[in-house]
Amino acid sequence: MNPRLTAFAETLDEAVLNRRAVPRLTDTAPLDVAEAYEVQRAVIERRRARGEALIGVKMGFTSRAKMVQMGVDDVIWGLLTDAMLIESHLDTAGLIHPRIEPEIAFLLDRPVRTPADAVAAIGGIAVGYEVLDSRYEGFSFTLADVVADNASASGFGLGPWHRPKDVGNVGMLLEIDGRAVASGSSAAILGDPLRSLNAAARLACAAGIELQPGWVVLAGAATAAVPLPSGAHVRVSAAGLGHVEVTTR
């Protein structure tokens, strides 16, 4: 890999390990989106070398408003490892800029070798949440910066799995300490989360990654992300899919 991109990957990986915000990469040297994905993969490879395993992908910029804001016309994606899966508690002291958003998650029960395989590969659907944590100072980034930073992926949690069903317009609610802080519909995810799953398959295939049985695809957020405080109880619910909870400290 280009030494400049290797250095970028090291910077972002160490930012996570040291819980220290860093300047935007694009403020220090040129970086285009294709190179940013190389940096992303290099960061993940560093994590895999420490024993983490790939278990899925996450989608970003799945709302039209976010695309317009960032000046893009396509989604972005990041990779999920087993170390990112949150069971019931999260220590926010290990994060820099923690935020949370409600998600629709797909569980795959067969390989996805082409985008045409995606829908038939769905083994389960669940309500979930994603914890975002940009490693950049001030939570400020360009498109290339956020792609390199694994689309701000930090952690995620999942509710109970359900058999495949229509989730094209499911009401979703995010509560913190019993107070509703965000609500929306799964239709905010590209009009239907299935479109996000198809996009995940398309981007993975283009990158030479085969989505595996047992992997999770986080389709994107139904609402804007909100700050995640410490010492809080968070509940995310979706009509017909139940809920998932996490307690922070």
Side-chain angles (χ1 to χ4, degrees), residues 1-62 66-67 69-84 95-97 108 111-115 118 130-156 196-212 215-220:
M1 179 185 287
N2 182 307
R4 170 174 53 89
L5 303 185
T6 299
F8 282 162
E10 180 178 356
T11 294
L12 290 173
D13 189 43
E14 291 185 351
V16 174
L17 294 173
N18 298 326
R19 302 184 298 278
R20 175 180 54 84
V22 297
R24 299 188 306 183
L25 303 181
T26 54
D27 289 340
T28 64
L31 181 69
D32 63 30
V33 173
E35 291 175 326
Y37 275 111
E38 291 187 57
V39 174
Q40 179 190 114
R41 290 285 290 274
V43 172
I44 293 297
E45 287 307 311
R46 291 171 69 96
R47 296 181 69 138
R48 293 180 67 187
R50 294 195 292 268
E52 297 181 31
L54 286 178
I55 61 169
V57 302
K58 62 145 289 182
M59 304 302 292
F61 296 176
T62 53
K66 191 65 176 181
M67 287 185 188
Q69 178 187 346
M70 296 301 295
V72 300
D73 57 7
D74 198 3
V75 294
I76 63 171
W77 71 313
L79 297 165
L80 302 174
T81 75
D82 54 353
M84 298 180 189
L95 303 177
I96 302 169
H97 305 294
L108 305 179
V112 177
R113 297 186 174 92
T114 72
E130 184 181 5
V131 175
L132 303 175
D133 187 29
S134 173
R135 269 56 74 163
Y136 298 116
E137 294 171 349
F139 210 95
S140 172
F141 43 75
T142 68
L143 175 60
D145 288 311
V146 69
V147 167
D149 192 27
N150 200 27
S152 300
S154 177
F156 68 101
S196 186
L197 175 64
N198 287 330
R202 170 174 56 83
L203 294 172
C205 290
I209 295 177
E210 183 176 295
L211 303 181
Q212 298 294 319
W215 278 22
V216 172
V217 176
L218 296 181

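Being a predicted model, the structure only gives us computed values, none of them experimental.
Shown here for His97 and Ala21, the closest heavy-atom pair between the two residues is NE2-CB, 4.3 Å.
Residues in residues 197-207 take part in these salt bridge (charged side-chain N to carboxylate O under 4.0 Å, His left out) pairs, two or more places apart or across chains: Asp74-Arg202.
With sequence neighbours excluded, the residues satisfying side chain to side chain contact (heavy atoms under 4.5 Å, CB included) with Leu95 are Leu90, Pro98, Val131, Asp133, Ser154. Qualifying side-chain hydrogen bond (donor to acceptor under 3.5 Å, both in side chains) partners for Asp145, counting only residues two or more places apart in sequence or in other chains: Thr26, Thr142. By the side chain to side chain contact (heavy atoms under 4.5 Å, CB included) test, Ala36 is found to be paired with Leu31, Ala144, Val147, Ala148, residues two or more places apart in sequence or in another chain being considered. The side-chain hydrogen bond (donor to acceptor under 3.5 Å, both in side chains) search around Asp27 returns Arg24, not counting sequence neighbours. In this structure, the side-chain hydrogen bond (donor to acceptor under 3.5 Å, both in side chains) partners of Asp13, at least two apart in sequence or on a different chain, are Arg46, Arg50. Qualifying side-chain hydrogen bond (donor to acceptor under 3.5 Å, both in side chains) partners for Glu10, counting only residues two or more places apart in sequence or in other chains: none. Residues meeting the salt bridge (charged side-chain N to carboxylate O under 4.0 Å, His left out) test with Glu137, sequence neighbours left out: none. With sequence neighbours excluded, the residues that form a salt bridge (charged side-chain N to carboxylate O under 4.0 Å, His left out) with Glu210 are Arg113. Residues satisfying the salt bridge (charged side-chain N to carboxylate O under 4.0 Å, His left out) test with Arg4, not counting sequence neighbours, are Glu35. A search for side chain to side chain contact (heavy atoms under 4.5 Å, CB included) contacts involving Ala83 returns Arg47, Glu52, Thr81, not counting sequence neighbours. Take Arg19 and apply the salt bridge (charged side-chain N to carboxylate O under 4.0 Å, His left out) test, not counting sequence neighbours, and it matches no residue.
At a threshold of 4.5 Å between non-hydrogen side-chain atoms, the residues Val112 and Trp215 do not count as touching. Side-chain contact between Asn198 and Pro115: absent, with no pair of heavy atoms (C-beta onward) separated by less than 4.5 Å. Taking the side chain as every heavy atom from C-beta outward, Val43 and Asn150 never approach each other to under 4.5 Å. Here the side chains of Met59 and Leu203 are in contact, with some heavy-atom distance below 4.5 Å.
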List the steps, then state whether side-chain contact (heavy atoms from CB on, under 4.5 Å) holds for Ile209 with Arg41.
CA-CA 11 Å; Ile209 295 177; Arg41 290 285 290 274; 3.5 Å; yes
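A donor-acceptor pair is defined here as one N or O able to donate and one able to accept, closer than 3.5 Å; no such pair exists between the side chain of Asp149 and the backbone of Ser134.
The line from CG of Leu12 to CG of Leu17 is 11.0 Å long, rounded to the nearest 0.5 Å.
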